[in-house]
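Naming convention: chains lettered A, B, ... in sequence-line order (proteins, then strands); numbering from 1 in each chain. Only this structure's heavy atoms are used, side chains among them; waters, hydrogens and symmetry mates stay out.
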2 protein chains.
Amino acid sequence: MEVRLLSQTTEYALRATICLAYRQEGLVSTSDLATMTKVPMNYLAKVLQLLARSNIVTGRRGVGGGYKLTRAAEEISMLDVINAIDPIHRIKTCPLGLDNHSGTLCPLHRKLDESIEMLINQFSGITMADMIGELGDIRPLCDEDMTTQVELTMSGKK
Amino acid sequence: MEVRLLSQTTEYALRATICLAYRQEGLVSTSDLATMTKVPMNYLAKVLQLLARSNIVTGRRGVGGGYKLTRAAEEISMLDVINAIDPIHRIKTCPLGLDNHSGTLCPLHRKLDESIEMLINQFSGITMADMIGELGDIRPLCDEDMTTQVELTMSGKK
DNA sequence: GAGCAAGCGGACCTCCATGTCTAGATTAAT
DNA sequence: ATTAATCTAGACATGGAGGTCCGCTTGCTC
């Protein structure tokens, strides 16, 4: 198969969180988020619940309900989102379960652990705020028309 | 679940290749490799076939048969092994399939692509030779007694 | 307070990575 | 030539990630 750095579900979670970061205030419904992120709606609902349990987003029920971030986009790192879905762990003990009480990993797992450490450092330094409009042009999710899309969705409802 | 940098199968492939690198010449049978790497034998057989198809190892059948590397350990990188099992791909186009002919990824996928690039660079610079006895003490796969284990296996058969 | 929009939660389905099993092909040794 | 060891190849089993569906709960709006 094909190596994916992140699981599909984690990708979905990141997309959704970025969309919510883009919409600074107000609630966004699951169905709107599903449209914008191109994630199957019923599945996205589950992903959002995971994010809610990790206190990254909060939902409100009822008419006009939806989700929003629990804190500022600057305060939410990629690592936060990743760990909410499927956490990254350093390699602490030998995966073969051999006697290595000394805590010294073999070269293979040492190198792998270094790579994981690198990724964690990388991801913990990137916030949701970095994901929206780093260029002059704002395009949160690849789509040049994200801005108008969001606005259309808003006006379509109001 | 839990994020794993590499798939289980890729881990297995690396372990096996490292064991073969350690045994500089001569053939090692699948069953010996399975014991040393702690990989289910029948599954390891499949993994070795994948490595053989990618020309990283060659097998010889019959009594006294087994596997060996096709070239020196210094000539086989981690990336070679990884790509033989499940290749790492850079992100070239938007995973959402949106109009981005310009070739410019959104911040999210740009960051992810950078991480992947980092990993590829890392992995392509590490060879199987780096995996055996980087420390004074030789311990290819976490096990301090790897050396004696291999020798035992050899003498046990001869 | 009735009705409806939306999140919540669980049951269920599907596919693929991982793993098992078995029969066949090849080679060395006797 | 026969036998035993070993790789090769494919069919089959299993568990978990990804995805669907439906009924329940909450809380607007009128």
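Position along DNA chain C of the nearest nucleotide to A/R53 versus A/G64 favours A/G64 as the more 5'-ward residue.
When the C1' atom of D/dC21 is taken as reference, atom CG of A/L44 falls 16 Å away, rounded to whole Å. Protein atom CZ of A/R60 is 16 Å distant from nucleotide atom C1' of C/dC8, rounded to whole Å. The nearest whole Å value for the distance from the CG atom in A/L6 to the P atom in D/dG18 is 11 Å. Atom-to-atom, NZ of A/K46 to P of C/dC12 comes out at 13 Å; the value is rounded to the nearest Å. Atom NZ of B/K38 is separated from atom P of C/dG19 by 15 Å (rounded to the nearest Å).
In this model, no donor atom of one side chain and acceptor atom of the other lie less than 3.5 Å apart for B/S29 and B/Y67. No donor-acceptor contact under 3.5 angstrom links the side chains of A/E114 and A/H109, judged on distance only.
Proximity note for A/N42 (side chain, C-beta onward) versus D/dT20, C/dG9, C/dG7: the nearest is D/dT20. Among D/dC7, D/dT20, C/dT18, the nucleotide with an atom closest to any side-chain atom of B/R61 is D/dC7.
Note on B/Q49: every side-chain N or O is 4.0 Å or more away from OP1 and OP2 of D/dC7. Within the structure, a side-chain polar atom (N or O) of B/Y67 is placed less than 4.0 Å from OP1 or OP2 of D/dT8. Taking only side-chain nitrogens and oxygens, B/Y12 comes nearer than 4.0 Å to OP1 or OP2 of C/dG19. Within the 4.0 Å cut-off from OP1 or OP2 of D/dC7, at least one side-chain nitrogen or oxygen of B/T30 is found.
Checking side-chain atoms of A/S124 against main-chain N and O of A/N121 turns up a donor-acceptor pair under 3.5 Å. Remark: side-chain polar atoms of B/D80 are paired, donor with acceptor, to backbone N or O of B/S77 under 3.5 angstrom.
Counting non-hydrogen atoms under 4.0 angstrom, A/Q8 reaches the backbone sugars and phosphates but no base. Across all strands, A/G62 comes closer than 4.0 Å to base atoms (heavy-atom distances).
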